[in-house]
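Just so you know, these numbers come straight off a predicted model, no measurement behind them. Chain identifiers are assigned alphabetically (A, B, ...) following the order of the sequence lines, protein sequences preceding nucleic acid strands; residue numbering begins at 1 within each chain.
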Protein chains: 2
Amino acid sequence: MDLKRSDLLQGTLDLLILKTIEHRPLHGYAMAQRILETSREVLTVQQGSLYPALHRLERKGLITAEWREAESKRMAKFYSLTASGRTQLAEEMDQWQRYARAIQWVLQAPEVAS
Amino acid sequence: MDLKRSDLLQGTLDLLILKTIEHRPLHGYAMAQRILETSREVLTVQQGSLYPALHRLERKGLITAEWREAESKRMAKFYSLTASGRTQLAEEMDQWQRYARAIQWVLQAPEVAS
DNA sequence: TACTGATATGTAGACACACAAGGTATGGAC
DNA sequence: GTCCATACCTTGTGTGTCTACATATCAGTA
């Protein structure tokens with residue numbers, strides 16, 4: 001009924017996840033918080049998007065999981081980048097820059113002379 | 001089989017189309033050419049994406065079609081923005097800027113102190 | 001004791017949309 | 001007469017995000 005648009009552009013979630021665990025392992029819940037925080041409250045990652053994405057990335061061998069105790073004293077699944085995950089991250093960052101620049105060019109294209 | 005990734009991020013095609021006909025009506029085929037050109041060969045709009053998108057936008061009342069003779073002397077369907085299409089364009093440009101900025105923030109987030 | 005809220009993980013089903021692959025037709029060049 | 005660029009279109013498929021739901025633990029509090 002409402003015109004609610006999807007929060008994330010399809011294809012960018014993987015990039016966000018990989019980037020967020022670039023420097024240290026995090027569990028899913030913390031990733032979502034971290035992304036919300038670093039995006040200054042703009043990007044909300046839904047749990048129904050996050051967990052399937054994590055499993056997908058794990059199946060692809062880009063991240064690995066390990067159960068550890070979180071700060072909260074509760075067990076949580078910490079994910080970290082694999083070597084190929086790191087390569088993938090670099091590629092996806094590159095592609096994003098390229099893509100965003102291209103869109104920008106279209107949006108700023110000078111009006112054509114009639 | 002090949003790792004061919006999708007050329008366009010889902011959700012951005014409408015924006016590209018609306019922007020491309022902002023200042024003058026164009027037919028579908030020409031839009032694709034124009035987007036390819038203004039994006040400096042980065043963004044390729046497939047016909048199988050373009051035409052359904054045009055029909056979608058027309059159904060939503062954001063654009064209107066009119067058969068006219070093209071430069072090529074052949075009949076072609078020229079699309080132009082409606083008033084609500086113009087509003088939508090402004091909104092989508094806004095949202096894109098907001099979104100791209102947010103991604104950028106995540107990608108440039110300073111490493112957390114351990 | 002029972003409750004509430006934040007933490008933490010997960011699944012099932014719906015839906016949107018870009019894609020590949022196929023098709024039709026016309027006009028100009030050769 | 002054949003080929004290519006132009007111009008339109010549809011069908012089916014896959015991917016990925018969303019909503020909604022289910023489960024469990026722990027801390028604080030009434």
Within this structure, what is the [atom1]-to-[atom2] distance between [X] and [N], rounded to whole angstrom?
X: Arg68(B); N: dC8(D); atom1: CZ; atom2: C1'; value: 17 Å
X: Leu8(B); N: dC17(C); atom1: CG; atom2: P; value: 13 Å
X: Glu71(B); N: dT26(C); atom1: CD; atom2: P; value: 21 Å
X: Trp67(A); N: dT9(C); atom1: CH2; atom2: C1'; value: 6 Å
X: Met75(A); N: dT9(C); atom1: CE; atom2: P; value: 11 Å
X: Met31(A); N: dA8(C); atom1: CE; atom2: P; value: 12 Å
X: Asp7(B); N: dT15(D); atom1: CG; atom2: C1'; value: 16 Å
X: Gln33(A); N: dT9(C); atom1: CD; atom2: P; value: 10 Å

Give the minimum heavy-atom separation between [X] and [Y], together with the two atoms involved.
X: Leu9(A); Y: Leu9(B); result: CD1-CD1, 4.2 Å
X: Val45(B); Y: Asp7(B); result: N-OD2, 4.5 Å
X: Arg24(B); Y: Thr20(B); result: NH1-O, 3.6 Å
X: Met31(B); Y: Ile21(B); result: CE-CG2, 3.8 Å
X: Tyr79(B); Y: Ala65(B); result: CE2-CB, 3.6 Å
X: Ala102(A); Y: Leu43(B); result: CB-CG, 3.8 Å

Side-chain donor/acceptor of Gln46(A) to base of dT17(D), under 3.5 Å: no
Tyr51(A) and His55(A) aromatic ring geometry - parallel, tilted or perpendicular at 30°/60° bounds: tilted
Sugar-phosphate, base or nothing in reach of Ala70(B), heavy atoms under 4.0 Å: sugar-phosphate
Residues touching DNA chain D, which here means a heavy atom under 4.0 Å, drawn from residues 47-66 of chain B: Gln47(B), Gly48(B), Tyr51(B), Pro52(B), His55(B)
Selection from dC9(D), dA8(C), dT17(D) that lies nearest to any side-chain heavy atom of Tyr79(B): dC9(D)
CD/Glu71(B): more than 12 non-hydrogen atoms of other groups inside 6.0 Å: no
With Tyr99(A) via ring-ring contact (aromatic ring centres under 6.0 Å, His included) - residues at least two apart: none
Summary of protein contacts for nucleotides 24-29 of chain D, nucleotide by nucleotide, where a base hit scores B, a sugar-phosphate-only hit scores S (4.0 Å, heavy atoms): BBS---
